[in-house]
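Contents: one structure, followed by commentary.
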Amino acid sequence: MAALSIVFETPDNAKGPCPSKARPIDLVHLAKQTMGDKTLEIEVLQMFARQARACLQDIASGETSRAGAAAHRLKGAASSVGAFRVSETAEAIEENGTDAGTMAALGAAVIDAENFILKLCRG
């Protein structure tokens, strides 16, 4: 009877780190969003990469309202595809403005995501 109860207990690692979240794109999250359709995943990621570049230009424009709106769009788009580092950094810009350090961090996160997407598209 004890073995039966062990089978149905919550695993010890249930709240532990999720390795897919350490990547520039969380592929587990993306697969859930696209219901596992690999063609759709690539299409969505390519659209995200284009949108991220456009948002970066708007954020760098120097216009506070335009930058805030672009950061908000980028945060939502990044969350949808599983680019959580991009999303978190865009949120910081949305809430605190565009200081040089946060802008650099956002640029680096977007480049990491773009490179990851390019590798997926080639493979």
Side-chain angles (χ1 to χ4, degrees):
M1 195 63 155
L4 184 61
S5 66
I6 291 173
V7 171
F8 294 105
E9 288 180 7
T10 305
D12 292 341
N13 64 351
K15 294 183 183 174
C18 181
S20 64
K21 290 187 187 272
R23 296 183 183 132
I25 304 289
D26 181 342
L27 296 176
V28 174
H29 176 82
L30 182 63
K32 288 178 186 174
Q33 295 293 92
T34 60
M35 294 177 278
D37 184 331
K38 298 298 181 194
T39 304
L40 181 58
E41 285 179 13
I42 295 300
E43 188 177 328
V44 166
L45 288 173
Q46 289 173 335
M47 287 189 314
F48 167 71
R50 286 190 299 274
Q51 182 180 14
R53 279 290 167 169
C55 287
L56 280 179
Q57 289 178 344
D58 287 344
I59 291 168
S61 71
E63 297 175 31
T64 306
S65 63
R66 185 174 167 194
H72 182 76
R73 283 193 312 274
L74 183 55
K75 177 181 75 171
S79 291
S80 295
V81 300
F84 296 119
R85 192 165 60 113
V86 173
S87 179
E88 290 167 4
T89 313
E91 182 177 26
I93 286 177
E94 182 182 20
E95 292 176 356
N96 305 318
T98 55
D99 68 82
T102 310
M103 284 293 296
L106 180 60
V110 168
I111 288 170
D112 284 347
E114 286 176 337
N115 288 336
F116 191 81
I117 291 166
L118 286 172
K119 287 176 188 174
L120 286 176
C121 292
R122 289 184 194 146

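For the numbers below, each heavy atom of this structure counts, side chains included, while hydrogens, waters and symmetry mates do not.
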If I compare all heavy atoms of [X] with all of [Y], which pair ends up nearest, and what's the gap?
X	Y	value
Ala77	Gln51	CB-OE1, 3.4 Å
Val86	Leu106	O-CD1, 3.9 Å
Ser87	Ala78	N-CB, 3.6 Å

Contacts of [X] that satisfy side chain to side chain contact (heavy atoms under 4.5 Å, CB included) - sequence neighbours left out:
X	answer
Glu63	Ser61, Arg66
Ala71	Ile59, Ile93, Glu94
Ala52	Phe48, Leu74, Val110
Gln46	Ile42, Arg50, Cys121

Fill in: Residues forming a salt bridge (charged side-chain N to carboxylate O under 4.0 Å, His left out) with Glu91, sequence neighbours excluded
none
Discussion item. Is it the case that the side chain of Thr34 and the backbone of Leu30 share a donor-acceptor pair, with hydrogens and angles ignored and the cut-off at 3.5 Å?
Written reply: yes
Item to complete: Check whether any side-chain heavy atom of Thr89 lies under 4.5 Å from a side-chain heavy atom of Phe84, and answer yes or no.
Response: no
Worksheet item: Can you pull the salt bridge (charged side-chain N to carboxylate O under 4.0 Å, His left out) pairs that have at least one residue in residues 27-36, sequence neighbours excluded?
Response: none
Worksheet item: Does Thr102 have any side chain to side chain donor-acceptor pair (under 3.5 Å) partners at least two apart in sequence or in another chain, and if so, which?
Response: Asp99
Item to complete: If a pair satisfies side-chain hydrogen bond (donor to acceptor under 3.5 Å, both in side chains) and one of its residues is in residues 106-118, list it, with sequence neighbours excluded.
Response: Arg53-Glu114, Arg85-Asp112
